[in-house]
Amino acid sequence: MSKESISGLLLAGGRGTRMGEVDKGLQPFGSSTMAAQVLSRLAPQVAQLAINANRNLDAYAAFGFPVWPDDTPGFAGPVAGLEAGLRRAATPYLLTVPCDSPFLPPDLAERLFAGLQEGDADLAVAVTEEHGLRQTHPVFCLLKTDVAPVLSSYLAGGGRRMDGWYPQIKVAEVLFEDASAFRNINTLDELQRLDPARPRSLDQVASCLSGYDPDDLKVADAQRIIRDFVTPVRAVEQVALRSALGRVLAADIVSPINVPAYDNSAMDGYALRGSDLAADRPTRLRVAGITYAGRAFAGVPQAGECVRIMTGGVMPAGCDSVVPQEFVQVDGDAIVLAAGTIRPGDNRRLAGEDLAIGSAALRKGRIVRPADLGLLASLGVAEVPVQRRLRVAFFSTGDELRSIGQPLDEGCVYDSNRYTIYGMLQRLGCDVIDMGVVRDDPQSLEAALLEACENADAIITSGGVSVGAADYTRQIMARLGDVRFWKIGMRPGRPLAFGRIGGQDRSAFLFGLPGNPVAVMVSFYFFAREALLRMMGADAPLPLLRARCAAPIRKKPGRTEFQRGILTRAADGQPEVRLTGAQGSGILRSMTEANCMVVLQDGQGNVAAGEMVDILIFEGLV
Ligand code: AMP
Ligand code: MG
């Protein structure tokens, strides 16, 4: 996607009628305001930002972006804000989001852009489907700025609906899975309830869901409650560049220099003045000197002169174009090139083209990858601020569990969950505290949970959260904090305990995963992973892709199924997935044989061969 071609517009021009006429965008939220929160989620997705507002213009200007009031008078609604944006945006595309939607998806621009291109449309709009209800979100739209006149005439004719002008343009709908990302905050009460800065009980968080039933909870709803309940750990440390690999950036890294620092050549060839190029006959230029990468030509070439230049060499003064060496004829101390060989400006890299001085090179919340290390090095950055590592304690519960090295008594199994959990936590970059196996007795469990709570930000247990007779885990967990026990509409992994245990000064988020080895991994990836990343200050939703199914799969609608799959490249070059054999929740071999998980969503029924399904690729998964 060409992010450079998109301007982001925050729609904050409303009257805030349902909030008692306060300016919604400027309401406190989290550690700042709603508008700041939305802008920070939008910023990484677009080339530039602007704000549509009609009141408190100075307060909005303080965010550091242009403020564009409506052209149509009288608080004509978001559609007037859209018009203001379309008329002023300097890019071919405009993305709008409302100022009261602090949870907007991190891939909003990317996905709307893809939908727009695919449908060859003028406007792409976000759509969600929840509990069978399809909803269009016209304030979340990406559109071509050249449709401005169509919108203006709609407004001039008295039109006020955000989607009222759709019949006059070509519209593409883009379906987003996570409806909660489009939630907007309408009342002061909602604002307080959802404010991430305010500690809330699990019941308060769950009350935001329609039809919350702990005994029949949808995967998406459980994920939403968890996401809303956990809070980031706010401690930052400064580390040397290399040590930042895999860590979460704690602040935007602003470029202290232009990259490249000077205009330079993209080719081995001859630097020349574009104005010397003749349109209708060959151009002959005298070679006045030579410039290498790292060693500039000191002189100033005159009209009719050029300079031999190597890739990366500094463009000599007055030169704006480079002709590659293979396109010229050398004739003594001159070169000759045919008319039309290059255009003025060709093969020159401009200073600041990669990154302009003062612009954000990397955003806060990013997990640093090898390319980022290189980018930071190219800026001369030696140290970066990162979030402190998350401390996660984990243990297994069950009297039948034996640790490696112990004899395997009758009816016992080796504890494997502690090893998969260890591996998954390591991949996330957590500091792990392995607390071993804890017996199914109340005292041991209580002692283990309290100790974990003392030392860790989060606790992961496995086993004991279903309703088995010898499982005391549930009772103890419930006694030690704010913990709920859910039955989730999924397979494998129906039971899950989630909450926070401990008191005011020491508390830890708790994930009580089921006992079955495959269920542990599925619940970790689909519930704990994102929550732990959020606690680490990172926003990294699971990267679900689509692949063609090689064979039919039986599936009941009404629950989410996670099946183990093997993804290969089919004969026609397309990705194709087939299931590993047995899919029982205790069969860990199915996980090691698989290279991906097939995710069959809640509403989906049987899958026919050749149909597309969601998959999660294991390789590279953090
Ligand atoms: P539970 O949820 O405690 O009833 O456990 C469900 C199943 O998972 C039982 O068959 C347990 O033996 C098995 N299980 C529980 N914890 C582990 C573990 N740490 N390693 C391997 N299997 C386990
Ligand atoms: Mg058990």
Side-chain angles (χ1 to χ4, degrees), residues 214-215 217 219 222 392-426 430 432-449 451-452 456 458-480 483-499 501 510-529 559 561-562 564 582-594:
D215 289 326
L217 196 59
V219 168
V392 185
F394 60 103
F395 58 84
S396 300
T397 68
D399 287 340
E400 78 282 24
L401 300 180
R402 292 292 174 272
S403 293
I404 300 172
Q406 293 180 332
L408 202 55
D409 302 328
E410 167 95 27
C412 291
V413 293
Y414 281 122
D415 170 14
S416 61
N417 290 344
R418 236 166 3 107
Y419 291 84
T420 45
I421 291 174
Y422 165 85
M424 294 185 291
L425 288 173
Q426 283 288 353
C430 301
V432 297
I433 306 169
D434 183 345
M435 297 180 61
V437 174
V438 175
R439 297 177 55 80
D440 274 326
D441 80 72
Q443 286 79 26
S444 313
L445 281 165
E446 175 162 355
L449 284 168
E451 186 191 330
I459 306 167
I460 298 191
T461 66
S462 73
V465 290
S466 56
V467 277
D471 293 332
Y472 298 101
T473 324
R474 290 166 58 109
Q475 277 165 267
I476 305 293
M477 285 177 176
R479 193 147 57 70
L480 294 181
V483 179
R484 292 291 170 279
F485 301 90
W486 292 328
K487 289 199 186 89
I488 301 178
M490 65 189 278
R491 207 173 86 158
R494 212 159 107 82
L496 184 79
F498 171 68
I501 60 170
L510 172 75
F511 298 86
L513 309 183
N516 277 310
V518 180
V520 163
M521 296 197 74
V522 169
S523 320
F524 183 95
Y525 283 136
F526 287 87
F527 299 114
R529 177 191 169 277
R559 68 180 184 205
E561 289 190 14
F562 302 91
R564 276 70 76 199
Q583 297 284 323
S585 68
I587 304 177
L588 200 50
R589 192 162 55 85
S590 69
M591 285 297 278
T592 67
E593 281 172 2

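For ligands, and for the atoms within them, numbers begin at 1 and follow the listed sequence. Heads up: numbering here begins at 1 and tracks the sequence.
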Phe498 ring center near Phe527 ring center (under 6.0 Å): no

I'd like to know if the side chain of [X] and the backbone of [Y] have a donor-acceptor N/O pair within less than 3.5 Å.
X: Arg491; Y: Gly489; answer: no
X: Asp409; Y: Cys412; answer: no
X: Thr473; Y: Val465; answer: no

What are the two closest heavy atoms between [X] and [Y], and how far apart are they?
X: Gly464; Y: Arg474; value: O-CG, 3.8 Å
X: Ala456; Y: Ile433; value: CB-CD1, 4.3 Å
X: Leu513; Y: Ser523; value: CD2-CB, 3.9 Å

At less than 4.0 angstrom from any non-hydrogen atom of [X], what atoms of ligand 1 do you find?
X: Glu400; answer: 11 (C), 12 (O)
X: Ser466; answer: 2 (O), 4 (O)
X: Tyr414; answer: 20 (N), 21 (C)

N/O to N/O below 3.5 Å, does that happen between [X] and ligand 1?
X: Arg418; result: no
X: Gly463; result: no
X: Val413; result: no

Relative to ligand 1, is Val437 under 4.0 angstrom through side chain, backbone, both or neither, heavy atoms considered? neither

Counting only heavy atoms closer than 4.0 Å, does ligand 1 sit against the backbone of Ser396, its side chain, both, or neither? side chain

Give the single entry among Pro514, Ser462, Gly411, Pro517 that approaches atom 22 (N) of ligand 1 most closely by any heavy atom. Pro517

Which of these, Asn417, Val520, Asn516, has its nearest heavy atom closest to atom 10 (O) of ligand 1? Asn516

Below 4.0 Å from ligand 1: does a non-hydrogen atom of Gly464 turn up there or not? yes

